Amino acid sequence: MFLHLTGFAPFVFLLLLVGCSASGRPFYPLPSKLADGDRQPLQTSRPYNIAHRGSNGEIPEETAAAYMRAIEEGADFIETDILSSKDGVLICFHDVTLDKTTDVAEHKEFSNRKRTYEVQGVNTTGFFTVDFTLEELKSLRVKQRYPFRDQQYNGKYTIITFEEFIAIALDAPRVVGIYPEIKNPVLINQHVKWADGKRFEDRFVETLKKYGYKGSYMSKDWLKQPAFIQSFAPTSLIYVSNLTDLPKIFLIDDVTVPTQDTNQSYWEITSDAYLDFIKDYVVGIGPWKDTVVPVVNNYLQTPTDLVSRAHAHDLQVHPYTYRNENSFLHFNFHQDPYAEYDYWINEIGVDGLFTDFTGSLHNYQEWSSSKEGDEKNASNLLHKIASMVSSYGKA
């Protein structure tokens, strides 16, 4: 069942209106529901529905509208990638360059901003977020990443700040968690310098604390304002573990990609010894799903034991990314995203799923929960009837 956002739309309209202003002035709305204790709590009885960059299968990623749509469609957590502007303001954006998902190439005033930097060992050329002030970033408009998705929203939304993202979650009509990523911390710390000598990770945690995010996993404080901190960089996760007790997730890339800060291989960071080490700092891992279940010629192969081993180390597993389009669905699922959700939840046994299509995952879980409830009720009724018949036979 979809949630109707009474009183929520005006807030977003204001957010977008100010975000689109010609001046590009930073806008940090103050959440209005921090003291509201009557909202429906976070569900914790089934795997988490994690809105990957918002409901970006429908609306351009990392925009206020994409996060709003995800909340409306039933997301448990809204996920975002955190980078920084040149002037040190934390923003919600996935790529370190602006080229693929904004109209920066159409802005002649920025034609001289193209640079080449080393990103995770690779020379990358483009328009980097770290070379633009927040005001300049706000003058850009976001567009859909994939050409086969709905293009009608291109050019309608701006880049938003971390604080604006938090305000969206806190102003939701029910408790919605946030799932921010410390994105490319090596690059950010190289190119952005804060006056007080703080680093990217410090600013990241300070922002969370400013809005009341605290508490270990499943604590009273955490359930009030749920948050997971995620990163591909183990040193960042270890660093922030000394700054906050919020639960952390260690992201794991393809088997060919070493960690961006420690240059460790996939095989090392998924070994039992490393899982035993990292569990002191994180509550789970977020692996690319094709490393959990290998794929050959778009067909699933025999699953690895990564999920069972992670669970044996008391670590949750939140794989990424689930997408509805046929180009992303493996042949085993016969072009049916519900079959994919069913496989990962009921056969592989994951604890959360990063999805581009929040509504479809929510619909699947609602349908399957209702079915399980009906079957349980029917089973209980049969047991009662059997008990009555048995008693009658003894009389």
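Note that the structure is a prediction, hence the values are computed from the model and not measured. Sequence positions, counted from 1, serve as the residue numbers for this chain.
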**Message:** Centroid separation under 6.0 Å, is that true for the rings of Y48 and Y179?
**Reply:** no
**Request:** State yes or no: are the ring centers of F228 and H318 separated by less than 6.0 Å?
**Result:** yes
**Asked** For T158 and R141, what are the C-alpha separation, side-chain angles and deciding distance, and is it a side-chain hydrogen bond (donor to acceptor under 3.5 Å, both in side chains)?
**Response** CA-CA 5 Å; T158 65; R141 294 296 177 269; 5.6 Å; no
**Asked** Would one find more than 12 heavy atoms of other residues, nucleotides or ligands at under 6.0 Å from atom NZ of K100?
**Response** no
**Prompt:** Transitive ILVMFWY cluster of Y146 at side-chain heavy atoms under 4.5 Å: who else is in it?
**Reply:** F148, F328
**Message:** Please determine whether the number of non-hydrogen atoms from other residues, nucleotides or ligands lying under 6.0 Å from atom CG of N297 exceeds 12.
**Reply:** no
**Prompt:** When the ring planes of Y320 and F232 are compared, do they come out parallel, tilted or perpendicular, using 30° and 60° as the limits?
**Reply:** perpendicular
**Request:** Kindly give the cluster partners of V296, where membership spreads through any ILVMFWY side chain lying under 4.5 Å from a current member.
**Result:** none
**Request:** Answer whether the closest heavy-atom distance between the side chains of R309 and D272 falls below 4.5 Å.
**Result:** yes
**Asked** With no hydrogens and no angle check, is any side-chain donor or acceptor of R39 less than 3.5 Å from a backbone partner on R174?
**Response** yes
**Asked** Just one of V283, V282, I50 clears the side chain to side chain contact (heavy atoms under 4.5 Å, CB included) bar with I249, so which one?
**Response** V283
**Prompt:** Do Y322 and F357 have their ring centres less than 6.0 Å from each other?
**Reply:** no
**Request:** May I ask you to decide if the ring planes of Y341 and Y338 are parallel, tilted or perpendicular, using 30° and 60° as cut-offs?
**Result:** perpendicular
**Asked** Stepwise, does the ring pair (Phe, Tyr, Trp, His ring centres under 6.0 Å) test hold for Y117 with H191?
**Response** CA-CA 10 Å; Y117 296 139; H191 293 276; 4.1 Å; yes
**Complete:** For Y299, the hydrophobic cluster (side chain heavy atoms closer than 4.5 Å, chained through members) also holds F331
**Request:** Check the pair T304, T291 against side chain to side chain contact (heavy atoms under 4.5 Å, CB included), reporting the backbone distance first and the verdict last.
**Result:** CA-CA 8 Å; T304 69; T291 66; over 6 Å; no
**Message:** A quick test of your reading: do over 12 heavy atoms of other residues, nucleotides or ligands sit less than 6.0 Å from CG of D314?
**Reply:** no
**Request:** For side-chain hydrogen bond (donor to acceptor under 3.5 Å, both in side chains), just list the numbers for E340 and N324, CA-CA rounded to whole Å, side-chain angles, deciding distance to a tenth of an Å, and then say yes or no.
**Result:** CA-CA 9 Å; E340 183 179 37; N324 287 10; over 6 Å; no
**Asked** With ring centroids as reference points, do F132 and F110 lie under 6.0 angstrom apart?
**Response** yes
**Request:** Look only at the side chain of R203 and the backbone of G88, and say whether a donor-acceptor pair between them is shorter than 3.5 Å.
**Result:** no
**Asked** If you draw a 6.0 Å radius around NZ in K86, do more than 12 non-hydrogen atoms from other residues or ligands fall strictly inside?
**Response** no
